[in-house]
Amino acid sequence: MRIATWNVNSIRSRIDRVEAWLQRSDCDVLALQETKATDEQFPFERLRALGYEVAHHGLNQWNGVAVLSRVGLEDVQVGFENMPMWGDPLGAEARALGATCGGVRIWSLYVPNGRSLEDPHLAYKLDWLAHLRDAAAKWLADNPSAQVALVGDWNIAPQDEDVWDMEFFADKTHVSPPERAAFSAIVEAGYTDVVRPHAPGPGVYTYWDYQQLRFPKRQGMRIDFVLGSPALTARVEGASIDREERKGKGASDHAPVIVDLANL
DNA sequence: ATGGTGGGTGTCCCA
């Protein structure tokens, strides 16, 4: 079974690319982030026509997460337990969607962007991650052999090699100790980065800013991850980052991240 | 040539 995650940065502007990618990638499950669409605007039919069941959660032009599956899609859940809210008026943002696909509990996650070290959005991001940790720990406590994949755009570079220049990021988010601690807490709760062993760094990234010619200059960040529960991690046979998809006109600023699981 | 972006409900906000 092949699963993947991809921040598409607007499904409406990227639908041709997503269709073409699905047609060539032999993917069974694809989690999307930043669909930037309401459910009404989401192109369900074009994806169903490719053989996928589709669950989407989108409230407005921001955020938005989806799960596509051709191996079943059951028990869809919008948001995780006690997920923090944001905004005025206070409300849940469309940042987490769970679904069971082929026996794997997939969570498509779009972790809040902290914006800057002084911004209240950073505290929101840390709180959101702490509650995700609590929810994910409980899923494993309830069933230690559960196959769970926490996938998506984490907006964190956990190691120094995950950014192109630590000096550039010295006063920026994504690499700060509190953010890295929040990521580590989820790892310590039992979830493993299953891609890194198959795509070692340095210089291996999943995101390149549109600005400043970051992609051709190979100045990226590794911020999109697939974290597997122990039972899922045991099934991983390979993984890759589809850097080719970042090339050319009309690319998302993120590349798809792909994981291959042994059949049961 | 020392600059160079691209989404969205757009002339501002968000990444």
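Each chain gets a letter, A, B and so on, in the order the sequences are listed, and its residues count up from 1.
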Side-chain donor-acceptor contact under 3.5 Å, Asn9(A) with Lys36(A): yes
For DNA chain B, note the earliest and the latest nucleotide, 5' to 3', having some atom under 4.0 Å of a heavy atom belonging to chain A. dG4(B) to dA15(B)
Can you tell me whether the base of dG4(B) sits syn or anti, using the 90° cut around 0 to define syn? syn
Would you please say whether a donor-acceptor pair under 3.5 Å links the side chains of Ser240(A) and Asp242(A)? no
Reckon Tyr110(A) touches a base, only the sugar-phosphate, or nothing at all at heavy-atom distances under 4.0 Å? sugar-phosphate
Could you say whether Gln61(A) or Asn7(A) is positioned toward the 5' end of DNA chain B, judged by the nucleotide with the nearest heavy atom to each? Gln61(A)
Starting at the 5' end of DNA chain B and moving along, which residue's nearest nucleotide shows up first, Tyr207(A) or Gly250(A)? Gly250(A)
Side chain to side chain donor-acceptor pair (under 3.5 Å) pairs touching residues 221-233 of chain A, sequence neighbours excluded, are Asp162(A)-Arg222(A), Thr206(A)-Asp224(A), Asp224(A)-His254(A)
Once you apply a heavy-atom cut-off of 4.0 Å, does Arg214(A) come out as touching a base, just sugar-phosphate, or nothing? nothing
If I pick the C1' atom on dC13(B) and the same atom on dT9(B), what distance separates them, to the nearest angstrom? 11 Å
With C1' as the reference atom in both, quote the distance from dT2(B) to dG6(B) in angstrom, rounded to an integer. 23 Å
Pairs meeting criterion ring pair (Phe, Tyr, Trp, His ring centres under 6.0 Å) with involvement of residues 3-35 of chain A, two or more places apart: Trp6(A)-Trp21(A)
Taking atom NZ of Lys172(A) as the centre, report whether more than 12 heavy atoms of other residues, nucleotides or ligands fall under 6.0 Å from it. yes
Looking across every strand, which nucleic acid part, if any, lies under 4.0 Å from Asn60(A) by heavy atom: base, sugar-phosphate, or nothing? base
Thr38(A) and Glu40(A): side chain donor to acceptor below 3.5 Å: no
Sticking with atom P, work out how far dC14(B) lies from dG10(B), rounded to a whole angstrom. 14 Å
